[in-house]
Structures are given as C-alpha cells and as structure tokens.
2 protein chains.
Amino acid sequence: MVIKQYSGAPEDADLTRADSLAREIFSDIANKWAFLIIELLDDRTLRFSELRREVEGISHKMLTQNLRMLERYGLVERCVHPTVPPRVEYTLTEPGRALRETVSGMCDWTHQYLGHIEAARRRFDG
Amino acid sequence: MVIKQYSGAPEDADLTRADSLAREIFSDIANKWAFLIIELLDDRTLRFSELRREVEGISHKMLTQNLRMLERYGLVERCVHPTVPPRVEYTLTEPGRALRETVSGMCDWTHQYLGHIEAARRRFDG
DNA sequence: CAGTATCCTGGCCGATACTG
DNA sequence: CAGTATCGGCCAGGATACTG
C-alpha cells in the first residue's frame, strides 16, 4: 500500500486526515538516525549513554530529539528510575519491534547488495 | 544484521571499508524522498515529469538529486530517448525492486499502526 | 547521568533563470 | 521536457553551558 497523496477532491475528505498523518509519520521515521536507533535497540534495554555510545556519530542533541520523536509515536518506551544519578532506559514497544522487522530488512539488503552498489557507483563515477 | 560501526581495532582493517560503505549507503538511502520515489516507481516506468507530479511536495531539485543518487547506486535505471523534446524514463533495477520490498513493508506498517501511533501521540502531547 | 536551553554556522533546499 | 547553475533564506544540527 502506497503512502497516498491528497488529491484535493472533496470526496477524499475522510481520507485526507489519515493520509496526511500517514505521510507525516512516514516522513519523520524514514531517517537514518531513527532507523539506526531502532536497529541497535533491537530487543534490548539500553540507557541513554549506552545508545549514545552504540549509535556511532550521533550527537547528544540528535539522540534526544529522535528518542522523543520515537516515544511520542509510541515506538519506544522510556523508563525512568528515580535514583541518583538518574537511570533512564529505553525499549522498543510492540509497534517498534514490528517496524524493526523492516528496518532489519533494509540492513540485510544493504549488505547483500554491497557489491552491486559499489560496482554501480564506480561505473557511474568513472 | 546490524549496520556495523568501526571499532577502531587494527584487526578490523578489512571490515572497515565495507562497513563505512554500508553505513554511507544506508545513510543516503534512508530518507523520505528516496523511499517515496522507490515506492511510487514500483514496477512502472515513469518520466521525470510524472514522478514530479506523483511524489507530492517534492521540488524539482530534490527529485533530480535523489534520482541521481539512486542511479549512482544502481537502484534506478535512466533511459534517455533521443527525441525532441527529450523523453527520459526511470525504472527500478533488480536491487531497487529488492529494496522496494522493505519500503513497502514500511508503508504497510504505517497504515497498520496508524491508530496506535495517533493514540500514542495524543497521550504524549496531552 | 539524563536532559534542556542557547548560540551559531554550514549546508539543505526552494526559487529562478538559462541551455539543449 | 529534462537538466544544470546560481543565489539566498532558513533551519538542521553541533558545541557548549547549565539544572536536577
């Protein structure tokens, strides 16, 4: 099923809200940081600092932003332990784990076609 | 399989090139425009202007850039007809169609969990 | 340790104009 | 029609400092 576009036709009034929401979610989640977080989180429970370490190259700010976004959409559960110093753990929810299936698929795809892609790129560049 | 990170260990020297390439490809392709193009292209053959019309909200420039990127990685084939006016058609290659499977999976996921997501968001915002 | 807030800059991206 | 080039505004996102 395609991420439908709003046709502007009046009879699509009902579809519009759902579609624009779908498009919004899709646009937000289809970004490399969200994908890497979901893939690395896997079925583990990780602290903020652990994620920061494992998702190479991500900045403190980007990690926070993406975790908030994922939490807002209910893909990630945030568990705060009232200790000193604070301990905050993140886990994928059921929808998050479902999405992880497709993210993993993309990781597999990347490794599977690495050769093709590298060759194509060399051909294109040269 | 995870998009591996470079550990910096000397014995990873061989892995490094492949991994950084994988990461680069992953980062480039995991963006909404590339996904929407791949999804809409499906198994069809579309002209530049048709894509422009179907991928709602994409600018001329973004479409060009993403098509070049996808062509460079060998996910899209570009066929130029030497006519006046020019006619350029785009099709998914086999690697492109393979990736489309996972992109479609994400589209399905989006629609399937739309309710969950909307509810989670309302809960989070309120 | 986890998170927020502020500042600032590079580059993303839209708009526009121009070629073949 | 398809594509490149250029300019410019604006914001993504890094660095830093500060709270609980």
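Predicted model only: the values in this text are computed from it and were never measured. Both backbone and side-chain heavy atoms feed into the values below; hydrogens, waters and symmetry mates do not. Residue numbering restarts at 1 for every chain, and letters A, B, ... go by the order of the sequence lines.
Separation of atoms CG (B/L63) and CD1 (B/I37) is listed at 5.0 Å; rounding is to 0.5 Å. The structure places CZ of B/F124 at 11.0 Å from CE of A/M69, a figure rounded to the nearest 0.5 Å.
Distances shown here put every side-chain N or O of A/R52 at or beyond 4.0 Å from the OP1 or OP2 atom of C/dC1. Between A/T64 and C/dT4, a side-chain N or O to OP1/OP2 separation shorter than 4.0 Å is absent. Within the 4.0 Å cut-off from OP1 or OP2 of C/dC1, not a single side-chain nitrogen or oxygen of A/Y90 is found. OP1 or OP2 of D/dA2 lies within a sub-4.0 Å distance of a side-chain N or O belonging to B/R47. In terms of phosphate contacts, B/R78 brings a side-chain nitrogen or oxygen within less than 4.0 Å of OP1 or OP2 of D/dG3. Side-chain N/O atoms of B/S49 include one lying less than 4.0 angstrom from OP1 or OP2 on D/dA2.
Heavy-atom nearest nucleotides on DNA chain D were determined for A/P86 and for A/W33, and the one closer to the 5' end corresponds to A/W33.
At whole-Å resolution of the value, CD1 in B/I58 and P in C/dC12 are 15 Å apart. In this structure, B/K61 atom NZ and C/dA15 atom C1' are separated by 9 Å, rounded to whole Å. We find that CG of A/L67 is positioned 14 Å from C1' of C/dC1, with the value rounded to whole Å.
Under the Watson-Crick and G-U wobble criteria, each requiring two contacts below 3.5 Å, nucleotide C/dT6 is paired to D/dA15. With a cut-off of 3.5 Å on both Watson-Crick or G-U wobble distances, the partner of D/dG20 is given as C/dC1.
Applying the 3.5 Å distance criterion, the base of D/dG3 shares a donor-acceptor pair with the side chain of B/H60.
Among residue pairs with one or both ends in residues 57-70 of chain B, those qualifying as salt bridge (Lys or Arg N to Asp or Glu O under 4.0 Å) are B/R68-B/E71; sequence neighbours excluded.
Contact check on B/R100 versus B/D42 returns a salt bridge, with a Lys/Arg side-chain nitrogen under 4.0 Å from an Asp/Glu carboxylate oxygen.
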